[in-house]
Amino acid sequence: MDTPISFAILAAGLGTRMKSARAKVLHRAGGLTLVEHVVRSVEAAFPDSRIVVVVGYQAAEVRQTLAGHRVEFAVQSEQKGTGHALMACRELLEGEEGLLAVLYGDCPLLSPATLRRLAARQRDSGDAVTVITTVLENPHGYGRIIPGGEGRIRAIVEEKAAMPEQLAIREINSGMYCFRAGLLWRHIGELAASNPAGEFYLTDMVEILGRHGYSAGALRLDDPQEVLGINTRVELAAADRVFRDRKARELMLGGVTIEKPETVTIDAGVSIGMDSVIEPFAQILGRTMIGKDCRVGTCSILIDCSLGDSVTVFPFSIARTSTLEDGVEIGPFARLRMENHLEAGAHVGNFVELKKTRLGAGSKAMHLAYLGDSEIGSRANIGAGTITCNYDGVRKHRTRVGDGAFVGSNSTLVAPLEIGPGSYVAAGSVVTEAVPADALALGRSRQVNKEGWAARRRQALHGG
Ligand code: UD1
Ligand code: CA
């Protein structure tokens with residue numbers, strides 16, 4: 001495409017209908033904020049275009065959610081309507097030739113393909129602007145399209161300002177437009193706040209351009225899904241569902257088995273390798289990467305984790321910011337709190353909690369343990385009920401367990417502590433001092449058996 005194109009994304013409003021202290025465009029669907037979805041679609045369709053995001057309400061937070069994207073910001077300090085918001089971009093964008101597409105930050109489902117169609121339709125038309133429209137069963141809440149001749153648009157009427165017969169129109173304004181930039185800037189000053197809401201409606205540009213003899217065309221979408229605007233939490237949930245379905249579909253077409261895909265929650269940034277299986281109700285979030293031939297058990301939650309190949313996460317396990325190398329198994333009911341690294345073939349079983357712990361290749365902690373701030377070598381065995389006492393009430397301390405060490409069940413490892421390679425810790429020990437390599441550590445009191453004690457007691461109590 002030769003004609004240059006720039007983008008203005010309006011995201012300054014509060015969004016009163018969300019009933020939230022947070023700006024509407026900061027609410028999340030499909031794992032990303034609404035405005036981030038819009039920016040990503042633009043970046044995917046037109047990687048080299050200029051993108052200006054209009055911020056106002058909670059501007060700092062909106063900038064923050066877009067950190068890492070190649071966007072500029074314009075500030076609309078008072079929210080006086082969508083037309084007023086676009087005027088805030090004037091300084092940044094007025095010099096740009098060609099096309100100016102305007103998108104709203106609360107319409108996150110728009111695809112890159114549709115954006116390209118919008119630009120192409122405008123470029124090839126003689127119109128001053130192309131508006132994306134669609135026909136809705138229930139057009140409530142949207143601006144209505146007043147037809148002109150020959151498929152053109154004469155005006156857009158906001159619901160609040162519409163006559164009863166206009167309310168019956170089911171073709172709606174999506175809030176996505178592509179203008180001839182020069183014409184827009186020449187006439188945008190003619191917008192007036194002459195409506196019941198006292199706002200500058202961008203939608204009035206269609207009529208204004210018409211008065212100067214310019215036509216407005218439509219890109220009519222058969223499938224309304226892409227243009228759904230989010231105004232309430234009900235619509236937010238519907239958009240979330242659409243993103244989840246899209247993501248699950250993309251993964252399945254890429255060779256991932258998803259059981260009951262309508263129940264899983266997989267964020268946009270997740271990647272999963274071929275022949276992996278995702279069981280029902282799994283949540284795979286953030287930037288989690290999963291290799292080939294893995295299995296994620298039902299109701300497990302993985303957040304920003306990295307899994308190699310053939311990793312099994314048994315049901316009801318939770319892991320955050322952790323790395324699981326090839327062949328690792330965790331769960332059921334494992335909890336990997338943060339920054340853990342499980343080397344190849346390590347196993348973590350039920351009711352085991354790990355925090356900032358490295359578990360060496362082939363090592364096992366199968367039952368009821370807590371390992372915090374620890375470094376466990378390879379082929380070590382951590383017995384049931386082992387606890388690292390890593391916190392003295394003020395500071396955290398580290399525990400090191402050497403290769404091939406065997407820590408007996410119900411051991412208490414008081415950190416800082418070093419347990420040498422090949423050593424044994426007897427079950428039930430409280431270990432406070434370093435254990436040399438290949439030694440046996442017994443940290444418990446010796447057992448005493450008193451012969452006949454129980455029988456004598458019974459006799460004393462019950463006589464006889
Ligand atoms: C708008 C359209 C309506 C269309 C609908 C599609 C207008 C006047 N109406 O209505 O025709 O059918 O979207 O979803 O344009 N914003 C600002 N500054 C402001 C006001 C709004 O940046 O002063 C931003 C908001 O953050 C939001 C977007 O513009 O992302 C749309 O605003 P919203 O109030 O939701 O417009 P609608 O009433 O939905
Ligand atoms: Ca809206």
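All ligand and atom numbering here is 1-based and tracks the order in the structure.
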Proximity of H84 to ligand 1 by residue part, where a heavy atom lies under 4.0 Å: neither
Heavy-atom proximity to atom 28 (C) of ligand 1, best of Y57, Y104, Y201: Y104
Heteroatom proximity flag, G143 to ligand 1, N/O under 3.5 Å: yes
Heavy-atom nearest neighbour of atom 20 (C) of ligand 1 within options A11, G229, A85, G81: G81
Residue K80 vicinity, atoms of ligand 1 by number, heavy atom under 4.0 Å: 23 (O)
Using residues 145-153 as the side-chain source, report each donor-acceptor pair under 3.5 Å to any protein atom, sequence neighbours left out, with the distance given to one decimal.
from: R152; atom 1: NE; to: D127; atom 2: OD1; distance (Å): 2.6
from: R152; atom 1: NE; to: D127; atom 2: OD2; distance (Å): 3.4
from: R152; atom 1: NH2; to: D127; atom 2: OD1; distance (Å): 3.3

Greater than 12 external heavy atoms within 6.0 Å of E262's CD: yes
Atom 36 (O) of ligand 1 protein-contacted (non-hydrogen atom, under 4.0 angstrom): no
Within reach of ligand 1, part of S174 (heavy-atom separation under 4.0 Å): backbone
Sphere of radius 3.0 Å around the Ca ion (ligand 2) - protein N, O or S atoms inside: D106 OD2, N231 OD1
Protein residue, atom and distance nearest to atom 22 (O) of ligand 1, heavy-atom basis: A12 N, 2.8 Å
Min N/O separation G141 to ligand 1 under 3.5 Å: no
Donor + acceptor pair across side chains of E159, H140 (<3.5 Å): yes
Salt bridge (Lys or Arg N to Asp or Glu O under 4.0 Å), paired with D373, selected from K355, R395, R400: K355
Any T203 heavy atom less than 4.0 Å to ligand 1: yes
Neighbour count above 12 (heavy atom, 6.0 Å) for E94 CD: yes
Salt-bridge contact R40-E43 (side-chain N to carboxylate O under 4.0 Å): no
Contact partition for R17 relative to ligand 1, non-hydrogen atoms under 4.0 Å: side chain
Residue and atom name of the nearest protein heavy atom (relative to atom 30 (O) of ligand 1), distance in Å to one decimal: L10 O, 3.1 Å
Protein residue, atom and distance nearest to atom 21 (C) of ligand 1, heavy-atom basis: T82 CG2, 3.8 Å
Nearest neighbour in protein (non-hydrogen) for atom 9 (N) of ligand 1: E158 OE1, 2.9 Å
Any side-chain donor near an acceptor of the partner, T65 and T33, under 3.5 Å: yes
Side-chain donor or acceptor of E343 paired with backbone N/O of A361 under 3.5 Å: yes
Side chain, backbone, both or neither: K24 near ligand 1, heavy atoms under 4.0 Å: side chain
R28 side chain to G31 backbone, donor-acceptor under 3.5 Å: yes
Nearest heavy atoms of R144 and L167, plus distance in Å: NH2-O, 3.2 Å
Atom 5 (C) of ligand 1: the protein heavy-atom neighbour that sits closest, reported with distance to 0.1 Å: N173 O, 4.0 Å
Ligand-residue contact atoms, ligand 1 with G105, heavy atoms, under 4.0 Å: 30 (O)
Atom CE of M274 with >12 non-hydrogen neighbours under 6.0 angstrom: no
For Y142, the ligand 1 atoms whose distance to one of its heavy atoms is below 4.0 Å: 6 (C), 12 (O), 14 (O)
Exercise: identify the closest heavy-atom pair between L219 and T130: N-CG2, 3.7 Å
Whether F7 and F46 hold their rings parallel, tilted or perpendicular, with breakpoints at 30° and 60°: tilted
Heavy-atom pair of closest approach, residues L34 and A29: CD2-CB, 4.0 Å
Closest non-hydrogen atom pair between L86 and A8, with its separation: CD1-CB, 3.6 Å
Parallel, tilted or perpendicular: ring planes of F243 versus H37, cut at 30 and 60 degrees: parallel
Atoms of ligand 1 close to Q76 [distance to a heavy atom under 4.0 angstrom, numbered from 1]: 17 (C), 18 (N), 19 (C), 22 (O), 23 (O)
For atom 25 (C) of ligand 1, closest protein heavy-atom neighbour: G13 N, 3.8 Å
Region of N231 that comes within reach of ligand 1 [heavy atoms, distance under 4.0 Å]: side chain
